Amino acid sequence: MTPSDPKADLRSYLQSARDALLWKLEGLGEYDIRRPYTPTGTNLLGLVKHAATVELGYLGDTFGRPSGEPLPWIAEGAELNADMWATADESRDDIVGLYRRAWKHADATIDALPLETVGTVPWWPAGRDEVTLHHAVVRVVADTHRHAGHADIIRELLDGAVGMNEGNSSVPQGDAAWWEEYRGRLERAAREADRTA
């Protein structure tokens, strides 16, 4: 077995989540990428905006490498949760472009610094605000995959598109009848378990 490169491994998992998150926007109109799908307002373009903000913070500012990107949604006095949705004036291209620039900036930080480098997270409490680059990258990988999962569920509910990318659905290949029968079995098992609990 060939030894792996920890930075390459981390970047590979991070990039797969980034790509999955952007794929969820493909083929959808402005309304569908922006509309809230949950009681807490989760929406596809907002997830991308949030992911860009997280990368610029944890893999930029934390290590003294500010991007210079204006992020008014996290500035002092900004509306609560403003990084989780796009205003009508923030275009898809603006948000996706910001995300791609965040990737480039974060990747440059990962390339430039050893994983043991210690940074200071500006929004964490003093005295508990230090983090290694390794920890920060793992945190961003986990956060991005979590939000890619949110986007996957939203997209499936919207039009049935599932998976990591167009060529990898990550689910068994069944026709509509198979999936209907499968879902029915799960529903029956849930009802049966509820009666026996």
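No experiment lies behind these values; they were computed from the predicted model shown. Computed over heavy atoms, backbone and side chain alike; hydrogens, waters and symmetry mates excluded.
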Minimum-distance pair of heavy atoms, taken over all atoms of [X] and [Y]:
X: Ala161; Y: Lys24; value: O-NZ, 4.5 Å
X: Pro36; Y: Gly41; value: CB-CA, 3.6 Å
X: Asn43; Y: Tyr37; value: CA-CD1, 4.4 Å
X: Ala52; Y: Ala102; value: O-CB, 3.8 Å

Could you pull out every donor-acceptor pair under 3.5 Å between side chains of residues 68-86 and any protein atom, sequence neighbours left out?
from, atom 1, to, atom 2, distance (Å)
Glu69, OE1, Arg101, NH2, 3.3
Glu69, OE2, Arg101, NE, 2.6
Trp73, NE1, Thr53, OG1, 2.9
Asp83, OD2, His50, ND1, 2.6

Worksheet item: Can you check side chain to side chain contact (heavy atoms under 4.5 Å, CB included) on Ser91 and Glu30, steps first, answer last?
Response: CA-CA 9 Å; Ser91 74; Glu30 289 300 316; over 6 Å; no
Worksheet item: Do you know which of Val141, Asp5, Asp111 makes side-chain contact (heavy atoms from CB on, under 4.5 Å) with Arg11?
Response: Asp111
When the side chains of residues 115-131 are checked against the rest of the protein, which donor-acceptor pairs come out under 3.5 Å, sequence neighbours left out?
from, atom 1, to, atom 2, distance (Å)
Thr117, OG1, Pro114, O, 2.7
Trp123, NE1, Tyr58, OH, 3.4
Trp124, NE1, Tyr58, OH, 3.2

[X] [atom1] to [Y] [atom2] distance, which is reported to the nearest 0.5 Å:
X: Leu25; Y: Arg92; atom1: CG; atom2: CZ; answer: 6.0 Å
X: Lys7; Y: Asp9; atom1: NZ; atom2: CG; answer: 12.5 Å
X: Leu21; Y: His147; atom1: CG; atom2: NE2; answer: 8.5 Å
X: Leu22; Y: Leu44; atom1: CG; atom2: CG; answer: 11.0 Å
X: Asp159; Y: Asp32; atom1: CG; atom2: CG; answer: 8.0 Å
X: Thr144; Y: Leu47; atom1: OG1; atom2: CG; answer: 10.5 Å

Does a side-chain heavy-atom distance below 4.5 Å link [X] with [Y]?
X: Leu10; Y: Ile110; value: no
X: Asp61; Y: Leu56; value: no
X: His105; Y: Glu55; value: no

Fill in: Carboxylate-amine/guanidinium contact Arg188 Glu192, below 4.0 Å
no
Worksheet entry | Qualifying salt bridge (charged side-chain N to carboxylate O under 4.0 Å, His left out) pairs, either residue in residues 132-141, two or more places apart | none
Worksheet item: Should Leu133 and Leu14 be regarded as members of a common hydrophobic cluster, given that ILVMFWY residues are connected when their side-chain heavy atoms come within less than 4.5 Å of each other, either directly or indirectly?
Response: yes
Worksheet item: Among the clusters formed by ILVMFWY side chains lying less than 4.5 Å apart, do Val96 and Val54 turn up in the same one?
Response: no
Response to the item:
The ring-ring contact (aromatic ring centres under 6.0 Å, His included) partners of Tyr99 (sequence neighbours excluded) come to Trp103
Item to complete: Please name all residues satisfying ring-ring contact (aromatic ring centres under 6.0 Å, His included) with Tyr13, sequence neighbours left out, ordered by chain then number.
Response: none
Item to complete: Start with the C-alpha gap between Val140 and Leu59, add the side-chain angles, then the distance that decides, and say whether side chain to side chain contact (heavy atoms under 4.5 Å, CB included) holds.
Response: CA-CA 8 Å; Val140 172; Leu59 301 178; 4.0 Å; yes
Worksheet item: Can any side-chain N or O of Arg65 pair as donor or acceptor with the backbone N or O of Ala106 at less than 3.5 Å?
Response: no
Worksheet entry | Sequence-distant partners of Glu180, salt bridge (Lys or Arg N to Asp or Glu O under 4.0 Å), two or more places apart | none
